[in-house]
Amino acid sequence: MTAETSQTLDRGLRVLKLLADTDHGLTVTELSNKLGVNRTVVYRLLATLEQHALVRRDLGGRARVGLGVLRLGRQVHPLVREAALPALRALAEDIGATAHLTLVDGTEALAVAVVEPTWTDYHVAYRAGFRHPLDRGAAGRAILAARQTPVSEPGYTLTHGELEAGASGAAAPLIGVTGVEGSVGVVMLADSVPERVGPRVVDAAREVADALR
C-alpha cells in the first residue's frame with residue numbers, strides 16, 4: 001500500500017475478487033484467513049458491499065458475489081467492443097466475411113461486436129447480441145478449446161453448418177486478457193473455410209487481445 005491508496009477499498013476489492021473465484025461462496029472465517037485480517041473487519045467489508053448489492057449472503061452465512069456487479073458489467077461490453085472494432089474491420093475487409101467478437105456470458109456465447117465486409121455481393125447476417133451454446137459454432141468451440149488446453153499461442157477452430165445451414169466459421173480464442181474470456185472469428189457462406197482464413201483469424205484475435213490489455 002502507498003500513501004495514495006485506500007487500504008479499506010483495497011480490501012473490499014480483494015473480497016470481490018476472492019468471491020468471484022469461487023462457485024460456492026466463502027464464510028467470514030475463510031475470508032478472514034485469506035485476507036489476513038480479523039473477522040470484525042470482514043463483517044464491516046461485507047456489510048458495506050451488501051448495501052451496494054455487490055455481495056449477498058445466503059442462509060448459511062456464506063458470502064457470494066451480488067447482482068449489483070451486473071450493472072457494472074453492462075458497461076464493460078461497450079468498452080471491449082470499441083477496442084476490438086479496428087481489428088474486426090480489417091479482418092472483415094481482408095477475408096470478405098462477417099467478423100465478430102464473442103464473449104462468454106454464463107453458459108452461452110454472446111456476440112458483442114460484429115463487422116460486415118463492405119465490398120462483397122453477399123455475406124452472412126450476424127448481429128451483435130446473438131447468443132448460442134458454447135459447444136456449437138466456431139466462436140464457442142474456440143473458447144472451450146482454450147479452456148482445455150491453455151496456451152500462449154492459440155490455434156483456431158473450424159466448423160460448418162452448426163449455427164446456420166450452409167455457413168462455415170473460423171475462430172481463435174483471446175489469450176492473456178485478464179477478466180475477459182472470448183474469441184474472434186468470421187462466418188461465411190461456404191462449404192469450407194479457405195486455408196488462409198484460420199491463421200488470419202489467429203492474428204486478429206491477437207490484435208484484439210493486445211488492444212484489451
Side-chain angles (χ1 to χ4, degrees), residues 1-88 100-113 128-129 131 134 139 142-144 146-147 150-154 172-184 204-213:
M1 299 294 294
T2 67
E4 293 79 18
T5 59
S6 166
Q7 184 181 60
T8 301
L9 178 58
D10 178 73
R11 287 172 173 170
L13 293 173
R14 289 169 63 193
V15 167
L16 289 176
K17 290 179 180 178
L18 287 170
L19 296 180
D21 288 338
T22 178
D23 294 329
H24 308 293
L26 295 170
T27 66
V28 170
T29 298
E30 289 170 336
L31 284 168
S32 175
N33 292 336
K34 290 178 179 294
L35 292 172
V37 299
N38 63 53
R39 290 161 53 91
T40 300
V41 172
V42 174
Y43 275 117
R44 290 173 180 168
L45 291 171
L46 291 178
T48 301
L49 292 169
E50 279 186 293
Q51 287 181 348
H52 295 276
L54 298 176
V55 164
R56 62 184 176 86
R57 278 184 276 187
D58 60 25
L59 294 177
R62 302 186 75 84
R64 304 171 188 270
V65 173
L67 294 177
V69 300
L70 295 178
R71 291 193 293 273
L72 299 177
R74 291 191 190 103
Q75 304 307 312
V76 173
H77 285 176
L79 296 175
V80 173
R81 185 184 303 118
E82 182 178 351
L85 282 177
L88 294 180
H100 54 84
L101 169 67
T102 298
L103 300 183
V104 172
D105 187 21
T107 60
E108 295 182 311
L110 171 65
V112 299
R131 294 174 177 272
L134 282 173
I143 294 167
L144 293 177
R147 285 180 179 179
V151 291
S152 58
E153 292 296 327
L174 297 176
I175 300 296
V177 185
T178 302
V180 176
E181 189 179 24
S183 65
V184 170
R206 188 178 297 112
E207 291 172 19
V208 172
D210 288 344
L212 293 175
R213 291 193 185 103

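With L46 as the partner, the side-chain contact (heavy atoms from CB on, under 4.5 Å) test is satisfied by one option alone out of V41, V28, L54: V28.
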Could you walk me through whether L101 and L174 satisfy the side-chain contact (heavy atoms from CB on, under 4.5 Å) test, starting with their C-alpha distance in whole Å, then the side-chain angles of each, then the deciding distance to 0.1 Å, before giving a yes or no? CA-CA 9 Å; L101 169 67; L174 297 176; 3.9 Å; yes
Going through the distances and angles, do E30 and T22 end up as a side-chain contact (heavy atoms from CB on, under 4.5 Å)? CA-CA 12 Å; E30 289 170 336; T22 178; over 6 Å; no
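For the atom pair NE2 of H100 and CG of L88, the computed distance is 9.0 Å after rounding to the nearest 0.5 Å. Rounding to the nearest 0.5 Å places CZ of R11 at 10.5 Å from CZ of R44. Note that CZ of R62 and NE2 of H24 are 8.5 Å apart. Values are rounded to the nearest 0.5 Å. Separating the CZ atom in R14 from the CG atom in L35 is a distance of 5.0 Å, to the nearest 0.5 Å. For the atom pair CG of L134 and CG of L144, the computed distance is 5.0 Å after rounding to the nearest 0.5 Å. Of the inter-residue distances, the one linking I175 atom CD1 with E181 atom CD reads 9.5 Å to the nearest 0.5 angstrom.
Closest of all the heavy-atom pairs between A83 and L212 is CB-CD2, 3.6 Å. Of all heavy-atom pairs between L110 and R131, the closest is CD1-CG, 3.7 Å. Minimum heavy-atom separation, L49 to G12: CD1-O, 4.0 Å. Nearest heavy-atom pair across A205 and P173 is CB-O, 3.7 Å. Between A204 and A87 the shortest heavy-atom distance is O-CB, 4.2 Å.
Checked by atom type and distance alone, the side chain of R81 never pairs as donor or acceptor with a backbone atom of A113 at under 3.5 Å. Judged by distance alone, with hydrogens and angles left aside, the side-chain atoms of E108 form no donor-acceptor pair with the main-chain N or O of D105 at under 3.5 Å. Judged by distance alone, the side chain of R64 and the main-chain N or O of D58 form no donor-acceptor pair under 3.5 Å.
In this structure S183 satisfies the side-chain hydrogen bond (donor to acceptor under 3.5 Å, both in side chains) test with no other residue, sequence neighbours excluded. R56 pairs by the salt bridge (charged side-chain N to carboxylate O under 4.0 Å, His left out) definition with nothing, not counting sequence neighbours.
Side-chain contact between T8 and L45 is present, with at least one heavy-atom pair separated by less than 4.5 Å.
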